Amino acid sequence: MGAGSVERGTASLSQTITPHILLRAYACGIFPMAEDAQSDEIRWVDPRRRGILPIDGFHTSRSLQKDIRRGGFLICADRDFAGVIDGCADREVTWINPNLRQLYIDLHAMGHAHSLEMWQDGRLVGGTYGVTLGAAFFAESMFSRRPSASKIVLHFLMQRLKAGGFELCDTQFLTPHLATLGGIEISRAEYHQRLSRALRRQASFCADNQPSCGASNSSSVAGGSGTTSS
């Protein structure tokens, strides 16, 4: 979710990268980035300093609490996974190329990638998506089409991860935006230690105490005047 990295090598996505290889890369603590939307190659990235969002340390400011209580939105899981990726890529410079987009959609079909979305008046106005392995959630990107949408989505994401038994939320890099929400930066060595522990445990993005994933199973729980829904 940011910039600044260590490049470990490049590979042609069309020739070598599969969803299973991508999962193995995440399990090793590395993640992919394309140079731009037109590039056919990726960089494998393993930052010297890693950004994480402590699941028990998310900071919900008074203004954010007020926005949540005001409501008028829905927070949905996996209703439009592809739409969230497209929203994240809809910017002047993006690391999400068509091949990476398809790989994440394939991981979603396998149950290893999920989105959390903010809907308002029938429109997708914000969201985030990431990869899941064990009790680790690898947050890939987020977008916002209305004020505070990304903060609201992350608030509900932390609630979902905690309820599902996740222990690690990897944000790749620490940005000023994430720092205001409780994000911290740790060393590469500490990150790999935390990742190793998380991979030995199991968690569920669609736990029994969470709304069901997928647009076809409609349910909701109160979230101030806003709601979360599948």
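The shown structure was predicted, so the numbers you read here are calculated from the model rather than taken from an experiment.
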Just so I know, are the side chains of M142 and L178 near enough to count as touching, which here means a heavy-atom distance under 4.5 Å?
yes
Step by step, would you call T128 with F156 a side chain to side chain contact (heavy atoms under 4.5 Å, CB included)?
CA-CA 11 Å; T128 186; F156 284 104; over 6 Å; no
Side chain of D121, backbone of R123: donor and acceptor closer than 3.5 Å?
no
Using side-chain heavy atoms (C-beta onward) and a distance below 4.5 Å, is I186 in contact with H192?
no
Is R194 reaching over with its side chain to a backbone N or O of L168, donor-acceptor style, under 3.5 angstrom?
no
Does H155 form a side chain to side chain contact (heavy atoms under 4.5 Å, CB included) with K151? I'd like the steps, not just the answer.
CA-CA 6 Å; H155 167 85; K151 292 182 180 181; over 6 Å; no
Provide the full list of side chain to side chain donor-acceptor pair (under 3.5 Å) pairs with a residue in residues 20-33, sequence neighbours left out, each pair given once.
Y26-Y104, Y26-E140
Those residues at least two apart in sequence (or on a different chain) that pass salt bridge (charged side-chain N to carboxylate O under 4.0 Å, His left out) with D86 are R101
Are F81 and Y129 close enough that their ring centers fall under 6.0 Å?
yes
Any donor-acceptor pair under 3.5 Å linking the side chain of D46 with the backbone of I30?
no
So, R145 side chain and L124 main chain: donor-acceptor pair closer than 3.5 Å or not?
yes
When you measure from the side chain of R200 to the backbone of A135, do you find a donor-acceptor pair of N or O atoms at a distance under 3.5 Å?
no
Please examine the side chains of D80 and W119, heavy atoms only from C-beta on, and report whether any two atoms are closer than 4.5 Å.
yes
Distance (rounded to the nearest 0.5 Å) between I85 CD1 and D90 CG:
13.5 Å
What are the two closest non-hydrogen atoms of M158 and C169, and how far apart are they?
CE-SG, 3.6 Å
With sequence neighbours left out, write down each residue that passes side-chain contact (heavy atoms from CB on, under 4.5 Å) with A109, or none if nothing qualifies.
none
Can you name the closest pair of heavy atoms from H177 and S150 and give their distance?
NE2-OG, 3.4 Å
For the backbone of L64 and the side chain of S61, can you confirm whether one donor and one acceptor N or O come within less than 3.5 Å of each other?
yes
Report yes if the side chains of L161 and F58 come closer than 4.5 Å at any heavy-atom pair, otherwise no.
no
Charged N to carboxylate O under 4.0 angstrom, E117 versus R79?
no
Distance (rounded to the nearest 0.5 Å) between F166 CZ and R160 CZ
9.5 Å
I'd like to know whether F73 forms a side chain to side chain contact (heavy atoms under 4.5 Å, CB included) with V125, so could you lay out the CA-CA distance, the side-chain angles of the two residues, the decisive distance to 0.1 Å, and finally the verdict.
CA-CA 9 Å; F73 58 83; V125 296; over 6 Å; no
Kindly write out the residues that satisfy side-chain contact (heavy atoms from CB on, under 4.5 Å) with T180, not counting sequence neighbours, or none if the list is empty.
none
Checking Q193 now: which residues fulfil side-chain contact (heavy atoms from CB on, under 4.5 Å) with it, not counting sequence neighbours?
R197
Closest heavy-atom contact between P32 and W44?
CB-CZ3, 3.7 Å
Run the salt bridge (charged side-chain N to carboxylate O under 4.0 Å, His left out) test against D56 and tell me which residues pass, sequence neighbours left out.
K162
Is there side-chain contact between I17 and N99, with heavy atoms separated by less than 4.5 Å?
no
Derivation of the side chain to side chain contact (heavy atoms under 4.5 Å, CB included) call for R201 and E167:
CA-CA 9 Å; R201 294 170 172 79; E167 298 184 3; 2.5 Å; yes
Which heavy atom of L195 sits nearest to which heavy atom of A136, and what is that distance?
CD1-CB, 4.2 Å
Flag the pair R50 / R188 as yes when at least one side-chain heavy-atom distance between them is below 4.5 Å, and no otherwise.
no
Indicate yes or no: at least one non-hydrogen side-chain atom of L23 is less than 4.5 angstrom from one of L133.
yes
Below 30° counts as parallel, above 60° as perpendicular, anything between as tilted: where do the rings of F137 and F205 land?
parallel
Please report the closest heavy-atom contact between T18 and L103, naming both atoms and the distance.
C-CD2, 3.7 Å
Nearest heavy-atom pair of S141 and C88: which atoms, and what distance?
OG-CB, 3.5 Å
P47 versus F31: any side-chain heavy-atom pair under 4.5 Å?
yes
I'd like to know if the side chain of H112 and the backbone of T132 have a donor-acceptor N/O pair within less than 3.5 Å.
yes
